A.B. asks: 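Can you keep this structure in mind? I'll have questions shortly.
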Amino acid sequence: MRVGLYPGTFDPITLGHTDIIRRACALVDRLVIGVAINTGKGPMFTLEERVAMVEEECAKLSAETGTEIVAHPFENLLIDCAHDVGAQIIVRGLRAVTDFEYEYQMVGMNRAMDSSVETVFLMAEAKYQAIASKLVKEIAKLDGDVSKFVTPEVKEKLLKKIG
Ligand code: ADP
């Protein structure tokens, strides 16, 4: 059984993330969405809220793709999380060149710790590539319309959170 781990902050989950999840489902039998607990990014949503949103979106994607998708909060090393969930593959999304340098270092260091876990990079469809959770939050805070970047369910939670 091929198990993939797609880690991130998902603060909140966007249409960029769901596009990557859909693509990853074609590569694995089971996809674990690793929701980072201890993030230096100062998330807007609590871990419970982020996991709930990931689970809600993944239920739809699972029904659509036929692949089992589960959310898994983690705060240890990514490579240890991969071991914990039995993943042989780490999935990451690549947006622009700006993502590359960080990802390049991550792969190098994770590979030094365990060379049997392979990192796979996927690119979202062009219209979703520019989406970043950070910008979605800023747009929502400034009363902008985020309908093109997140699902209606996530949009509602964003608006509620912002008040
Ligand atoms: P991180 O905190 O690691 O950046 P994110 O939640 O921002 O976590 O993203 C998780 C993963 O999803 C990362 O690999 C990131 O590059 C990828 N990702 C986020 N948005 C997009 C997008 N619009 N297109 C492709 N990949 C994306």
Side-chain angles (χ1 to χ4, degrees), residues 3-28 31-58 60-61 65 67 69-82 84-85 87-111 113 117-141 144-155 157-158 161:
V3 180
L5 170 65
Y6 177 39
T9 313
F10 305 104
D11 185 44
I13 185 166
T14 69
L15 296 181
H17 293 129
T18 52
D19 186 279
I20 297 295
I21 292 171
R22 205 175 269 117
R23 287 167 202 282
C25 283
L27 306 175
V28 297
L31 186 66
V32 179
I33 314 295
V35 184
I37 296 177
N38 227 342
T39 164
K41 290 181 173 176
M44 170 187 268
F45 291 96
T46 65
L47 174 71
E48 290 71 25
E49 290 168 333
R50 286 182 283 129
V51 168
M53 284 186 278
V54 165
E55 281 176 341
E56 193 174 355
E57 297 309 319
C58 287
K60 292 181 256 175
L61 292 167
T65 62
T67 302
I69 313 172
V70 292
H72 176 88
F74 78 103
E75 69 180 331
N76 51 348
L77 269 179
L78 181 58
I79 202 75
D80 290 335
C81 176
D84 290 346
V85 301
Q88 308 91 343
I89 298 172
I90 292 171
V91 175
R92 295 288 289 171
L94 265 192
R95 281 165 290 197
V97 270
T98 42
D99 279 345
F100 183 79
E101 189 145 352
Y102 175 68
E103 297 293 341
Y104 174 84
Q105 283 191 310
M106 284 261 289
V107 172
M109 300 195 71
N110 283 332
R111 193 174 274 170
M113 291 184 271
V117 177
E118 202 60 68
T119 303
V120 173
F121 292 99
L122 298 173
M123 280 175 74
E125 194 180 312
K127 65 178 173 185
Y128 298 135
Q129 273 178 26
I131 303 175
S133 298
K134 187 175 173 227
L135 295 177
V136 169
K137 285 180 281 187
E138 281 178 23
I139 291 167
K141 275 186 203 159
D145 183 11
V146 295
S147 308
K148 286 187 176 152
F149 313 129
V150 295
T151 62
E153 292 79 15
V154 171
K155 178 182 168 181
K157 293 194 178 74
L158 256 174
K161 177 66 84 178

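Just the heavy atoms: all of them, side chains too, but no hydrogens, waters or symmetry mates, feed the values below. All ligand and atom numbering here is 1-based and tracks the order in the structure. All residue numbers refer to positions in the sequence shown, counting from 1. Because the structure is predicted, anything quoted here is derived from the model rather than measured.
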A.B. asks: Anything under 3.5 Å between an N or O on ligand 1 and a protein N or O? List each pair with its distance, or write none.
C.D. replies:
| residue | atom | partner | partner atom | Å |
| --- | --- | --- | --- | --- |
| ligand 1 | 2 (O) | Thr9 | OG1 | 2.7 |
| ligand 1 | 2 (O) | Lys41 | NZ | 2.3 |
| ligand 1 | 3 (O) | Arg92 | NH1 | 3.4 |
| ligand 1 | 3 (O) | Arg92 | NH2 | 3.1 |
| ligand 1 | 4 (O) | Lys41 | NZ | 3.0 |
| ligand 1 | 6 (O) | Thr9 | N | 3.0 |
| ligand 1 | 6 (O) | Phe10 | N | 3.0 |
| ligand 1 | 6 (O) | His17 | NE2 | 3.2 |
| ligand 1 | 8 (O) | Thr9 | N | 3.3 |
| ligand 1 | 9 (O) | His17 | NE2 | 3.3 |
| ligand 1 | 12 (O) | Tyr6 | OH | 2.6 |
| ligand 1 | 14 (O) | Arg92 | NE | 3.3 |
| ligand 1 | 14 (O) | Gly93 | N | 3.0 |
| ligand 1 | 14 (O) | Gly93 | O | 3.3 |
| ligand 1 | 16 (O) | Gly93 | O | 2.7 |
| ligand 1 | 16 (O) | Arg95 | NH2 | 3.4 |
| ligand 1 | 20 (N) | Arg95 | NH1 | 3.3 |
| ligand 1 | 23 (N) | Tyr128 | O | 2.7 |
| ligand 1 | 23 (N) | Ile131 | O | 2.9 |

A.B. asks: Heavy atoms, side chains only, cut-off 4.5 Å: are Ile37 and Phe74 in contact?
C.D. replies: no

A.B. asks: Please determine whether a side-chain nitrogen of the Lys or Arg among Glu56 and Lys157 lies less than 4.0 Å from a carboxylate oxygen of the Asp or Glu.
C.D. replies: yes

A.B. asks: Salt bridge or not for Asp19 and Lys127, using N-O below 4.0 Å?
C.D. replies: no

A.B. asks: Taking all non-hydrogen atoms of both residues, which atom of Ile131 and which atom of Val136 are closest, and how far apart?
C.D. replies: CG2-CG2, 4.0 Å

A.B. asks: Show every side chain to side chain donor-acceptor pair (under 3.5 Å) that has at least one partner inside residues 131-140, sequence neighbours left out.
C.D. replies: Asp11-Lys137

A.B. asks: Quick one: do Glu103 and Arg95 make a salt bridge, cutoff under 4.0 Å?
C.D. replies: no

